Amino acid sequence: DEEETAGNRFPAAKILDDNILLSAEQMTVAFHEEGEWDEVVKNADFVIRKREILGVVGESGSGKSMTALAIMGLLKEHGRVTEGKILFDGKELTSLAQEEYRALRGREMSMVFQEPMTSLNPVVTIGKQMEEMLKLHPEFLLNIETHVTTSLPYTTKLFHSFIITF
C-alpha cells in the first residue's frame with residue numbers, strides 16, 4: 001500500500017470514520033532553545049475511536065507526557081507541534097487559538113496529570129477546586145454539589161474534603 005510505504009501506518013486524516021475521537025498523523029513536538037528546535041516527539045501516529053482506550057507505554061523521557069500535553073494545548077512557552085496533525089472529533093487542534101482550546105478543555109476534553117498531589121491544592125477543598133475549574137464553563141454550574149452527589153457514593157464528604165484527608 002502506497003500510504004504504508006510513505007510511513008503513515010495510521011493515516012488518521014484519510015480514514016473516513018465518524019467514530020474517530022482523537023487522531024495524530026505524523027505529529028512532531030519540539031522545543032525552541034538556544035536558536036534550535038529540539039524534537040522530543042517525532043512522527044507520532046495513532047487513532048482512538050469513541051469508547052476505545054489507548055495505553056501509551058515507554059521509557060522515562062520517551063515523549064508520553066509531551067504527546068498528551070501537545071494534544072491538550074498545554075505545551076510550555078517554547079514548545080509546539082512543528083509537523084503533522086492532531087484531530088479531536090474532526091477538529092484540527094494545531095491551528096486553534098488558546099481561547100478556542102480553553103473552550104474545549106473541561107467541556108469536551110480533559111487530562112488527568114501523573115502527579116495529582118501537584119495538581120490539587122491540599123489546603124483547598126476538592127469541591128472548591130472543582131468549582132474553580134467549572135467557572136470557566138458556566139453551562140455546567142447549575143448545581144455542582146447536587147449533580148456530583150447523584151453520580152458518586154460519598155460525594156458530599158468528598159466535596160467538602162481536602163485531598164489529603166479523603
Side-chain angles (χ1 to χ4, degrees), residues 3 6-58 60-121 124 126-144 147-148 151 163:
E3 291 171 346
N8 289 340
R9 295 179 313 247
F10 305 104
K14 296 178 179 140
I15 296 173
L16 299 176
D17 186 342
D18 290 341
N19 229 12
I20 292 176
L21 181 62
L22 178 67
S23 63
E25 182 178 345
Q26 299 292 297
M27 180 187 71
T28 297
V29 178
F31 285 85
H32 194 259
E33 293 186 22
E34 299 179 13
E36 293 186 20
W37 286 98
D38 181 25
E39 294 178 340
V40 295
V41 176
K42 188 168 174 119
N43 300 324
D45 283 312
F46 59 84
V47 173
I48 304 172
R49 288 177 178 74
K50 294 173 185 170
R51 303 181 58 82
E52 269 187 346
I53 297 171
L54 172 68
V56 181
V57 179
S60 179
S62 64
K64 302 177 301 290
S65 294
M66 288 299 116
T67 298
L69 291 170
I71 291 166
M72 294 298 296
L74 296 173
L75 291 170
K76 300 275 187 203
E77 181 180 324
H78 300 289
R80 71 175 190 211
V81 175
T82 56
E83 294 179 39
K85 295 180 181 182
I86 305 170
L87 298 171
F88 176 76
D89 209 16
K91 182 179 286 197
E92 169 61 70
L93 298 182
T94 56
S95 61
L96 292 183
Q98 279 303 312
E99 306 84 56
E100 294 172 292
Y101 249 121
R102 274 190 219 102
L104 285 175
R105 284 192 295 258
R107 179 182 304 148
E108 296 184 47
M109 59 193 293
S110 61
M111 179 172 174
V112 177
F113 291 90
Q114 289 179 340
E115 301 293 333
M117 293 304 291
T118 62
S119 301
L120 297 172
N121 187 334
V124 177
I126 293 169
K128 187 67 173 169
Q129 291 180 68
M130 290 173 60
E131 285 177 349
E132 288 176 16
M133 187 277 302
L134 291 171
K135 283 179 184 175
L136 296 172
H137 304 286
E139 66 275 15
F140 295 134
L141 287 176
L142 299 174
N143 186 338
I144 184 169
H147 175 72
V148 171
S151 306
I163 189 67

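Since the model is a prediction, treat every value here as computed from it, not as a measurement.
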Say you draw a straight line from OG of S110 to CG of L104; how long is it, rounded to the nearest 0.5 Å?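 If I round to the nearest 0.5 Å, the distance is 11.5 Å.
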inquiry  = Taking atom CD as the centre, does E77 end up with more than 12 heavy-atom neighbours from other residues, nucleotides or ligands that are less than 6.0 angstrom away?
reply    =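 Incorrect, the count does not exceed 12.
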Salt bridge (charged side-chain N to carboxylate O under 4.0 Å, His left out) pairs touching residues 86-97, sequence neighbours excluded, are K50-D89
So, using side chain to side chain contact (heavy atoms under 4.5 Å, CB included) as the criterion, who are the partners of E100 when residues are at least two apart?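 E100: side chain to side chain contact (heavy atoms under 4.5 Å, CB included) contacts with L96, A97.
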Handout entry: Pairing residues for I53 by the side chain to side chain contact (heavy atoms under 4.5 Å, CB included) criterion, not counting sequence neighbours
Key =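 By the side chain to side chain contact (heavy atoms under 4.5 Å, CB included) rule, I53 matches no residue at all.
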**Report entry** Sidechain-backbone polar pair: K64 side chain, G58 backbone, donor-acceptor under 3.5 Å
**Finding:** yes
State, with a plain yes or no, whether a side-chain heavy atom of [X] is found less than 4.5 Å away from one of [Y].
X: M109; Y: L93; result: yes
X: R49; Y: L21; result: no
X: R105; Y: L74; result: yes
X: E83; Y: M27; result: no

Closest non-hydrogen atom pair between L75 and V81, with its separation: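 Minimum heavy-atom separation between L75 and V81: CD1-N, 4.2 Å.
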Exercise. Among pairs that include at least one residue of residues 65-110, which meet ring pair (Phe, Tyr, Trp, His ring centres under 6.0 Å), considering only residues two or more places apart or in two chains?
Worked result: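 Every candidate ring pair (Phe, Tyr, Trp, His ring centres under 6.0 Å) pair involving residues 65-110 fails, so no pair, neighbours aside, qualifies.
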Report the C-alpha separation of L22 and I71 in whole Å, then their side-chain angles, then the decisive distance to 0.1 Å, and conclude whether the side-chain contact (heavy atoms from CB on, under 4.5 Å) test is met.
-> CA-CA 9 Å; L22 178 67; I71 291 166; 3.9 Å; yes
Show me the side-chain donor-acceptor pairs of residues 28-41 shorter than 3.5 Å, one per line, residues at least two apart or across chains.
| unit_1 | atom_1 | unit_2 | atom_2 | d |
| --- | --- | --- | --- | --- |
| T28 | OG1 | N43 | N | 3.2 |
| E39 | OE1 | K42 | NZ | 3.2 |

